[in-house]
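No hydrogens, no waters, no symmetry mates; every other heavy atom, side chains included, goes into these values. All ligand and atom numbering here is 1-based and tracks the order in the structure.
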Amino acid sequence: MENQYIIKGGTPLCGEVTIGGAKNAALGILAAAIMTDETVLIDNLPDVRDINVLLEAIRGIGATVERINPHTVKINGSTINDVTIDYDSIRKIRASYYLLGALLGKYNKADVALPGGCDIGSRPIDQHLKGFRALGATVNIEYGMINTFADKLVGKHIYLDVVSVGATINIMLAACMAEGRTVIENAAKEPHIVDVASFLNSMGANIKGAGTDKIRISGVSRLHSSEYSIIPDQIEAGTFMVAAAATKGDVLIKNVIPRHLEAISGKLTEIGVSVEEFDDAVRVSSNSRLCHTQIKTLPYPGFPTDMQPQIATLLALSSGTSTVTESIFENRFKYVDELSRMGTSIKVEGNVAIIEGVDSLTGASITAPDLRAGAALVIAGLVADGYTTIDSIHYIERGYENFEGKMTALGAYMQKIPVDDERAVQKFKLKVS
Ligand code: EPZ
């Protein structure tokens, strides 16, 4: 049954929220976990749809997956009996393609369906394939599948033409058991790259330089068991920071690494939000009208594209004219039309959104076009006067664990209800009136 969120806006978020493990680190780490025949224990796993779908794909190739609790899993790759990932898995979760690097690196062979385009724009994987070829793999694309094989993989100097999170992780996976030394130049530097590298190192890999643009990998002959806890999710944290600011609230966001949030904290401070940093928490509060600014999304440590819709929503409520330039994905402004139904004034020209701040928003029935845009619409709903319903929340559930529960604990009026359930709507309205 399809669900939707119903929100009554206008309540400042106040209190404490605890951030879960980083989805985009977890996706790489789960794929890496199959590369040893020994048992690996992974903790601080976010319990979100993308993770659960990838675990299904891993089970599907024969690996043993034991979910000890929602945030802890044990994986044993010794029982893998298939190196094929079909289109069904890739369609549900693009990051299944990390199994290409992992299987190729472990078995010198992998067949994975070619991912298509997606809701945020064209997403080529040429850099991943270029990396595999450089390591000595033959890569053929036939009948919608990427077929890769090699007699053996041999380390190489690889220069990425674009800074790509996915290609950096996939090449690291393929190279960690290749013969000799691999260097990835122009590598992505995101915290989740560092986390995947740290996890591989905890299994015995020899990867240096993750977090810089030059990653050096000395191949090892085997990987072994490990117990590992995933870093906190920078984007979940950033989303709550923006939600706190937008609702003029006061929220302590716990279990974060403040250094990973600097681009977000910096912009929030610049427009007038108060951001206080602690060792593993940030406190975000705001009680006055915020100012305008210019933002351009960039690879880490620049402002993350995964925070672009949320910050644009905040700027839509700030004074003056702001601009937001999206330089990573070409189709990440699809939420703008939905937001305009709530009273924003945003014009998109090419990859730039020109935002005229308005004083207030009004509730409306809207649809989440993708994961982060969906989160941004929730923030708009929390601010808006009256009721907002948001459809297609399965996108939001791909990356936010118990989003409505965490918001409710901060004082929001927000509930997940079945679509087209008028009685549930009435019940919610009665409860919050
Ligand atoms: C990762 O996607 C994240 N996904 C995305 O998070 C995130 O938006 C993105 O990085 C950018 O930070 C995961 O980690 C699973 P890229 P990825 O390869 O790896 C171009 C979310 O909301 N490119 O860094 O697919 C590409 O078109 C999601 O959690 C090539 O040209 O992104 C884009 O313009 C959505 N050729 C740019 O590079 C390639 O071979 C960066 O993409 C690969 C990428």
Considering only non-hydrogen protein atoms, determine which one is nearest to [atom] and report residue, atom name and distance to 0.1 Å.
atom: atom 2 (O) of ligand 1; result: R123 NH2, 3.2 Å
atom: atom 24 (O) of ligand 1; result: V165 N, 2.7 Å
atom: atom 19 (O) of ligand 1; result: G166 N, 2.8 Å
atom: atom 32 (O) of ligand 1; result: F329 CZ, 3.7 Å
atom: atom 20 (C) of ligand 1; result: V162 CG2, 4.1 Å
atom: atom 22 (O) of ligand 1; result: R372 NE, 2.8 Å

Distance-only N or O hit between ligand 1 and L27, under 3.5 Å: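 Checking ligand 1 against L27, no N or O pair falls under 3.5 Å apart.
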
Ligand 1 atoms in contact with K23 (distance to a heavy atom under 4.0 Å): 21 (C), 29 (O)

Atoms in ligand 1 flagged as close to R332, the criterion being non-hydrogen separation under 4.0 Å: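 The list of qualifying atoms is 8 (O), 22 (O), 35 (C).
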
Donor-acceptor side-chain pairing of H71 and E401 below 3.5 angstrom: yes

Side-chain donor-acceptor contact under 3.5 Å, N69 with T72: yes

Proximity winner for atom 44 (C) of ligand 1, if only heavy atoms of G28, A375, S164 are counted: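 Of the listed residues, S164 has the closest heavy atom.
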
F240-F403 aromatic ring centre distance below 6.0 Å: yes

